[in-house]
Each structure stands twice: as structure tokens, then as C-alpha cells.
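Report on the following structure.
First the proteins, then the strands, lettered A, B, ... as listed; each starts at 1.
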Number of protein chains: 2
Amino acid sequence: MREHKPDKSEISIVDIAEALNVSAATVSRALNDNPRISEATRKRVKDKAEELGYRHNSMASSLRNKRSNIIGMIVPRISMYFHAIFITALQNRLQEEGYSLMVCQSNDSESIEQKLAATLYSSRVDALVVSLALYTEDYKHFDGFTKQGIPLIFYDRVPTKTYAAHIIKGDDYRGGLLAGNHLIETGCSKIAYISGPLSCSIYKERTEGFQHALDKAKIKLERKWCFYQELTAENAWNSLRQIFVGKERPDGIFASNDTTALAAVEFAREQGIKIPDELKIVGYSNDPRASIISPPITTIDQHPVEMANRVAQKLLNLLKDKSLRAINDTREIVPVTLVRRMTT
Amino acid sequence: MREHKPDKSEISIVDIAEALNVSAATVSRALNDNPRISEATRKRVKDKAEELGYRHNSMASSLRNKRSNIIGMIVPRISMYFHAIFITALQNRLQEEGYSLMVCQSNDSESIEQKLAATLYSSRVDALVVSLALYTEDYKHFDGFTKQGIPLIFYDRVPTKTYAAHIIKGDDYRGGLLAGNHLIETGCSKIAYISGPLSCSIYKERTEGFQHALDKAKIKLERKWCFYQELTAENAWNSLRQIFVGKERPDGIFASNDTTALAAVEFAREQGIKIPDELKIVGYSNDPRASIISPPITTIDQHPVEMANRVAQKLLNLLKDKSLRAINDTREIVPVTLVRRMTT
DNA sequence: TTGTATGCGTTATCAC
DNA sequence: GTGATAACGCATACAA
């Protein structure tokens, strides 16, 4: 028996039903625009709902429907330009379809990534979109999603080993190749390379493409001029100091992100090294900062919006048609573009 | 009667209970580390849960508890440096306490902001954190939160009119004052001003502080050198062209964000105007781009991390102690700092 | 320390 | 076109 609760402020469909002398089922149907309900009742219900200040309870609804309409997302950091743009584009698209994005940051820590995966897993997200942390080489923490048939999509930084999931990534091999070819074509022969760790797919593939370009031109990549590390400005400066310590100096640098390319330009400025005459630089990502510094930096554009659109499309297909989930290891490659500026 | 479902893959506490010959209540308690349960049972339950691949269902839990452990958030754009840093700091703190952040972007559109507020409202977020869109001057879409006793906190871009909500904001008045004083002290007397629209609290207050500085020095702000508009690079260029169209030129510019200050530096470079000799520039926000351009830009730091920490603290207090919700119109001001660089 | 019973708010199924 | 009912999974009050 329902007791009288004078302070009961939350209105449920039952309250509306009572007020209108109809059943809760009818109210639910009317509110959901179910076609089997008369126009008149629909209106009566909606008006009364408005009047009573009813708000839909998506927890109850989700529990009943077994879907939360929430898409989980794990990214390294939202402050990275590429990811910020990607997230925005994805969010705009998903919002149109009634989904919300729950964006979490791993801060490039594998252990945080694991915790977030667990949390999102029990939060019952309808799908998970991930760009991996820098050193994640084991993907067990995502197994549950696939086992439960929850769509799992990796973008940009994707598994380097075989793993049952959808993958949508940039053409990093080509990016590395373009960068290498471009440096060579503009006359470089002694090239330094500052890369991210090879545990991370994007750096691994950029390295392969870059290496291929050098091999073709029979240019050797000097061991002492190669770095594989987290691409912070500070690390970049340390590497640059090491690279320019001796008499023999490179005439080109491929930096695997723009933060590092930026540091290289600043380093050269400090050292009085002329760009592009004495030193050419190519970065990666087309971060806005790359076009602001003097000289503006030649870089590789990854087309984050297009990548987001492809992820959105894949996601929506998977969400709408469960039968598509039988296949869970598709792979798409998004083209990259070299943007030439004044450092080459 | 429970039917046999061969493909039933989701394990509930009932399944664990049956497997262990205990009640569901016991399982629930064991899983939640309820002290009134024996160590032995707790372990048995947890082991079995692990074995069966049980995952907690937060929808059911939320429905029952009437709390979602989700904090809603509406920001203009996550690609703005200030907001990206703020969000990250807030998220890190809230995660420690078991809350998730649902970050939504208004894209500076009031109508999107309204929709997001409605969605988050029926998503049953436990609290809402908002930085307003550029032209939002009516706050009705947030009324529901306060009515339901859901903590509502505005940060940075806050209501300009009296509104029952918690406010944590930067000292924009002081920021404007500092910028004005600094330009005057470094010798400017003919000052141009490119501001955001005055519908937005931050620009309104920066304008007041700036105006106060000029008044004190008996410097008049020329009508034709004042702009109040969305602070995009494109708008900035248009304004700059208008400002520098005639013979009489300003010797100082206060740009109310760094995007605009950046444009001013580039404009000056294009026009051959010497900075800081012929023209001094002060920006706002301490965006990383401001320190990268040549010459690096003098700007105002808003201390996003400190602001986020204060919001987190306020939020957690409100969440933990419902009695605090009696007061819903507190106000905190976070100090700002002038960062002097080479444009002044 | 554990079990029983109940309800959170919604919606699908079946009946009329 | 509408109603009655059950069930989603969990956690609490109350009993034992």
C-alpha cells in the first residue's frame, strides 16, 4: 500500500496515470509516442506530465531495456588537439542519434586505462571507443566487452597485436613514408628521428614507413640520432641536445608529433641553426601550434573529423543492427596528408 | 518461474546466490563489503563472482539507490585550453571518489545547451557543472536541478544576473584591471579593445576592470577601437583591419582572449608594425600558443587547475552532506596573474 | 551473521 | 486503444 508522502517531489508515470485515471502502461506508451495510442490520450498524458513536472527516469528505463544509450570512451588526454577534435566530431554525431558520450582519460597510464575499462564495463555502456595509452600492449581489460557482444572500436592508437575488435586508424605507415620522402626530396641526407615508444601502434608504423623511405634512398638512420620515448617537450629538448652535441650534425629531423617538432624549432632558434637551410623539420598531427610558430612547421594531417565520422558510422551500424556484431575485426585506414610549410 | 535460458550470459547476484546456496541479500552485502557479513562468506561470494564473470549492474544499483554517481558537465568547447585543463583536473579528482564525469559541449549554442541540460536532467546526474555558452542570458533550463535539490555549480562563465546556484569564477574584473594598468604603465595611451560579447560574464567583467584602469589614468576608450564579438581568429582580423585603417593608430591592444591576441601579433607582423615598440598587446588565458608565437604574448593566467580543485571540493561537500544544500548561492573568486612576455 | 520480502520506475507481453 | 502484470538487478528494513 502506497503511503502518503507529503514531500514526494519526484513524479513517476504512475502518478500521471493516477491523475488521469489511466494505466501506467498507457502513460508509458503515450510518452514514447507509441503509434497504438490515440492522439487524444497522448496529448492528455503529455500535458499532465508537463504540468506535474515529470522527468523521464533513464535508470529505470535502461534497466528495463538493457541499454544505457551511453557510449564509453577512453582517450589518452583530451588536451591533445587530435583527440579534442575527434571527440567533438564524434559527440556531435552521436548526440543526433540520442546517444551520450562518457569520455574518460587514461593520462597515458595503462593501469588507469584498466580501471576505466572496468568502470565503463559495469556502467553498462552500449559500446566502447578507445585510443590506447602509450605503453599498453596487453588488451585483456577489454575482453569483457567483446565477450558480452558490446561493440568495441579502437581508433588512432590501436592494438599492435591481433585482437578481436574494430579498428579505424590513420595511415601512419604512409605518414612516416611521406615525411621521409619529403625530407629526402628536399635534400636531406643526414636525418635524425624522434619517435614515440614502439609499443604504440602509431609510432611503430610511422617508424616503418619512415624507415622504408630512407632504405629506398639508401640513407642510413644513425643509432645515436634515434629516440623512442614519450614525446614531451622536455624529452625532446634532451634528445636535441644529444643530437647536436658533436661536430657532425643532421640536416633533417622527423619528429613524430608536433610538440617535438615545436621543440626542435625552438632549439634551432636558440642554437642559431637556420631553418630550413641548415636543418629541415617535419612534425606530425597538424596541431594548430605548428602553424603559429616561426617558421611554421611542415607536418602530417591526420584528418580527425573524417576519422570520427567513420567511427560514428561504424558505431551506429553496430548499435542498430546486432547481427553485424558477428564480425568484430574490421579495419579501416584513413588517409593522411603532408602539409608543407616553412621548415622544409 | 525462471525459465531455462541456455544463452543467458549475464550473471546477476541471484545466480551467485543460487550457486552458493545463500540469499541474494547476502551476496549483495558481501559484494559491497558490508561489515555485517562474515569474512568467510565474503570471500566465497567474491570468488564465485569472479569465477562466474559477474559484473555489477550500475543501472539497477542506481535505480535502487536513487543516485547515478555521474556528474554532468556542460562546457562551451573542450578544445579550448582553459576548459581542457579544467576538465582533466576535475575528472582526476572526482574519479578518486568514485564519480564519473559526463562532459557535454554546447559549442557555444544556447539551444544546444538547453537540450543538454534537459538530457542530463533526465539522465539523473548527481550534480551539474556548467560553463555557459556565449550568449546565454536566460537560465531557466537549469531551474529543474535546483528545484530537485541537485547541486548546480557554474564556473568561469557564470550567470550575469542573480541566480540561485554555486559560482566559482576567475577574478575577471581584476584581470581586466591588470591588463589595462599594465598597458598604461608600459606607456600606452591610445588603446584598442577586442572583447567577447557582454552577455558573457567573463567579458563583461574584464571590460569593467579594464575600463576602470583607463578611467583612473584618464584615458578614453575610442568607440571605433572597441569590439564586442565572438573571439575567433577571423573576427579578430576583421576588427584589426578596421582599427588600423586610418592614420591614427593605437599603441596598445587588450585582446580578451589569446586567439585574438595571436591574430593581433600576426596582423602586426604582416603590416610591419613593430611589437612592442609601436604596438603593445595583452591577451587573456595563458593559452600555450601565446608562449609559442614570436614574440611571445603577455597574457593573464586564470589558474584552471586551482579553479577545478575548488569546484571539486565544493561538489564533494555538497554530494556528501545533503544538509549543505540548504544554501545554494555561494560564490568564490579565483585569483588571476599577469604573465609578462615580449609583447609589452 | 544471514534470510525474507519488497520496491525503485519503466516497459514488454499478453489479454480484452 | 487500453489495462493488468511481471520482470529488469539490486539493496534495504525487518525478522530470525
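In terms of modelled atom types and a separation under 3.5 Å, the side chain of B:R29 and the main chain of B:I37 share no donor-acceptor contact. Side chain of A:Q105 to main chain of A:I78: a donor-acceptor pair is present (N/O by atom type, distance under 3.5 Å, no hydrogens or angles). Looking only at distances, a side-chain donor or acceptor of A:R325 sits under 3.5 Å from a matching main-chain atom of A:G149.
Between the CG atom of A:L20 and the P atom of D:dG1 there is a distance of 18 Å, rounded to whole Å. Atom NZ of B:K66 is separated from atom C1' of C:dG7 by 10 Å (rounded to the nearest Å). Summarising the geometry, the separation between CD1 on B:I16 and P on D:dG9 is reported as 12 Å, rounded to the nearest angstrom. We find that CD of B:E10 is positioned 13 Å from P of D:dC8, with the value rounded to whole Å. For the pair B:D15 CG and D:dC8 C1', the computed distance is 13 Å after rounding to whole Å. What separates CG of B:L52 from P of D:dG9 is a distance of 14 Å, to the nearest Å.
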query: Which parts of nucleotides 11-16 of chain D does protein reach within less than 4.0 Å, heavy atoms only, written one letter per nucleotide 5' to 3' as B for base, S for sugar-phosphate only and - for none?
result: BBB---
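Taking a 4.0 Å limit (strictly below) on heavy-atom distances, residues 37-46 of chain A does not reach DNA chain C anywhere. Contacts between residues 115-128 of chain B and DNA chain C, defined by a heavy-atom separation below 4.0 Å, involve no residue at all.
Of the charged side-chain nitrogens involved, none lies within less than 4.0 Å of a carboxylate oxygen, so that A:E10 and B:K66 do not count as a salt-bridged pair. Taking 4.0 Å as the cut-off between side-chain N and carboxylate O, B:D15 and B:K48 do not count as a salt-bridged pair. Ion pairing of B:E39 with B:K43 is absent here, as no side-chain N (NZ or NE/NH1/NH2) approaches a carboxylate O to less than 4.0 Å.
Looking at A:Y163 and A:N328, their side chains never bring a donor and an acceptor atom within 3.5 Å of each other. Remark: the B:Q313 side chain and the B:N317 side chain contain an N/O donor-acceptor pair separated by less than 3.5 Å. B:S58 and B:S61 form no side-chain donor-acceptor contact under 3.5 Å, judged by distance and modelled atom types alone. Side-chain contact annotation: B:T330 with B:K314, donor-acceptor N/O pair under 3.5 Å present.
Pairs passing the salt bridge (Lys or Arg N to Asp or Glu O under 4.0 Å) check and including a residue from residues 154-168 of chain A, sequence neighbours excluded, read A:D108-A:R157.
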field: Stepwise ring-ring contact (aromatic ring centres under 6.0 Å, His included) test for A:F142 and A:F154
entry: CA-CA 11 Å; A:F142 300 114; A:F154 290 96; 5.4 Å; yes
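Listed nucleotides D:dG3, D:dC10, C:dT10 differ in distance to A:V22; the shortest reach to its side chain belongs to D:dG3.
At the phosphate of D:dT2, neither OP1 nor OP2 sits under 4.0 Å from any side-chain N or O atom of A:T26.
DNA chain C is contacted by both B:L63 and B:V27; B:V27 maps to the nucleotide lying nearer its 5′ end (nearest heavy atom per residue).
When the options B:L319, B:L315, B:I70 are evaluated for a side chain to side chain contact (heavy atoms under 4.5 Å, CB included) with B:Y99, the one that passes is B:L319.
For the helix from C:dT1-D:dA16 to C:dC16-D:dG1, the end axes, each set by the C1' atoms of five terminal pairs, are bent relative to each other by 30° (nearest 10°).
In this structure A:Y54 satisfies the ring pair (Phe, Tyr, Trp, His ring centres under 6.0 Å) test with no other residue, sequence neighbours excluded.
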